[in-house]
Q: 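Have a look at the structure that comes next, please.
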Amino acid sequence: MQEKIIILDFGSQTTQLIARRLRELDTFCEILPYNKFPVGDPSVIGVILAGSPYSVYDPEAFKVDLGLFLGHIPVLGICYGAQFISHTLGGRVEPADSREYGRANLTTIDQQCPLFHGFEPNSQVWMSHGDTITALPDGFHVVASTANVHFAAYQADDKPVYGVQFHPEVAHSLQGTQLLKNFVVDICGGHQDWSPKNFVEATVQELREQIGQDRVILGLSGGVDSSVAAVLLNRAIGRQLTCIFVDHGMLRKNEFQNVMHDYECLGLNVIGVDASDKFFADLDGVTEPERKRKIIGRDFIEVFDAEARKITDARWLAQGTIYPDRIESLNITGKVIKSHHNVGGLPEEMNLRLCEPLKWLFKDEVRRVGRQLGMPEYLITRHPFPGPGLAVRILGAITREKVRILQEADDIFIQGLRDQGLYDQVWQAGAILLSEVRSVGVMGDERTYENPIALRAVTSSDAMTADWARLSYDFLARVSNDIINKVRGVNRVCYDISSKPPATIEWE
Ligand code: XMP
């Protein structure tokens, strides 16, 4: 049984960060909506009540029945979580004179409190709250203070219940990870046994039991998640797994051949399907971005479905869905919303059971598992690439010739990044063909009237927000020269310097 910490979500943006910090401590944890604590689950060794955009006094504030776990397992409240516990048990929470926001230092720390083992005097923490605790409930005492916040942290006298009004999950809380480790290891008795090695061993075992002698099909995209899922399944069930890799004709230059080769070297049983004629035919003349996406999505399902049906005895459909795709996050109205799911809407009547071996992993954990499985580094660190491929990087109607032009320009850019050791410093990079714009240039003695290429490179940690990468002028100049000299049809190169928001990473 995998021991775990439950993180109850009250709608704060930093809830996922708590989970990622715990995973970095090799501790398994699960984020659940505040009202879905798994009562009676013996694998739960502790619970964290996370932050919230609400004040405990808001009529809509999310409330949880503390009796479900208080006194049974260790509890840590963070920010709203700490205020909620204090308020519910009879303490006092009031609006702070001024919103307490930013860096602060713990001027007093109770060295007897296990939560603060190993803390330096004056340790820096990050505050972000509008309310503040002004009196603790009976049976609680203060264990840390800052200059402005007397009850920066508290503890119950006779049971493992703790609260901190600062955010240990945020990097500005310099010993925040130490605090979380103290809670998980010393207070909850966690074993830090959530490692890629253990994950692979346990998952291979589970997959064998789950799947038995059945056959499984999996759609490969060339991306990290589906590739790691395939290699993991291959280790578990070998030739019972059939992978399908659909070429829609809008992949990067030589990508289909290269990726097929990589998959074969990894020992995967892969069927490559060149369906580019169908995609180009159906996209003929289409310029509107959403229509492009819809057509590609629909065609992809049709092609995949037709291939999958040839494997008549398949019982399972495997997918590289990862944890952030599935977390039921709360929106401010308190409704549980499911974030987008990778399931491509495969026809229900296929009647296949879903197998998602990476469904508990964050992206960085998927990469660690890939390394554990011995996959080559360049596959593991490959940039994200949109499912519709270059179709959403050609502004205007799509033709094979435009795809060829864009593939050449993109290849020069990406190879340049690799050659200069810059590839791993950016989250994602690529070229965009502005095929409906033409501008005048001069090449030799000739006047040209051709399309521009935009280059896009961004830094990001999760693609939710992104900033344009500060690539050097010298590097951009070389790439621009190379593209204009070598790619016929392009006479101008621009660099996209917009961040997300308000722009997005892709142009369409
Ligand atoms: P945006 O453009 O929304 O992109 O800032 C965020 C991330 O998602 C990728 N992306 C897609 N991935 N199918 C995908 O599989 C899509 O339709 C799609 N659109 C955008 C994008 O490359 C970036 O990593």
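Read the numbers this way: they start at 1 and go in the same order the structure lists the ligands and their atoms.
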Q: Give yes if a backbone or side-chain nitrogen or oxygen of Gly387 is under 3.5 Å from a nitrogen or oxygen of ligand 1, and no if not.
A: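 In this structure, Gly387 places an N or O atom under 3.5 Å from an N or O of ligand 1.
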Q: Look at atom 16 (C) of ligand 1 and find which of His383, Gln428, Glu506, Arg293 reaches it with the closest heavy atom.
A: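 Among His383, Gln428, Glu506, Arg293, the closest heavy atom to atom 16 (C) of ligand 1 belongs to Arg293.
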Q: Below 4.0 angstrom, N of the basic side chain to O of the carboxylate: do Arg371 and Glu377 qualify?
A: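 Glu377 and Arg371: salt-bridged.
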Q: Using the salt bridge (Lys or Arg N to Asp or Glu O under 4.0 Å) definition, which of the options Lys197, Arg368, Lys181 pairs with Asp26?
A: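 Of all the options given, the one that passes is Arg368.
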Q: Mind checking whether Phe385 has an N or O less than 3.5 Å away from an N or O of ligand 1?
A: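 Among all N and O atoms of Phe385, none is under 3.5 Å from an N or O of ligand 1.
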Q: Just which atoms of ligand 1 are under 4.0 Å from any heavy atom in Thr504?
A: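 That gives atoms 1 (P), 2 (O), 5 (O) of ligand 1.
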Q: For ligand 1, which atoms, with element, lie under 4.0 Å from some heavy atom of Lys500?
A: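 Reading through ligand 1 atom by atom, the close ones are 1 (P), 3 (O), 5 (O), 6 (C).
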Q: Looking at Glu209, I'd like to know if its CD atom is crowded, meaning that more than 12 non-hydrogen atoms belonging to other residues, nucleotides or ligands lie closer than 6.0 Å.
A: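 Check passes, neighbour count above 12.
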Q: Step through the shown structure and confirm whether more than 12 heavy atoms of other residues, nucleotides or ligands are within 6.0 Å of CZ on Arg298.
A: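 More than 12 heavy atoms, drawn from other residues, nucleotides or ligands, come within 6.0 Å of this atom.
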Q: Show which atoms of ligand 1 fall inside a sub-4.0 Å distance from at least one heavy-atom site of Pro388.
A: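 Contacts of ligand 1 toward Pro388, numbered from 1: 13 (N), 16 (C), 17 (O).
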Q: Spell out, as yes or no, whether a donor-acceptor pair under 3.5 Å connects the side chain of Thr14 to the backbone of Leu17.
A: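 Not confirmed, Thr14 side chain does not pair with Leu17 backbone.
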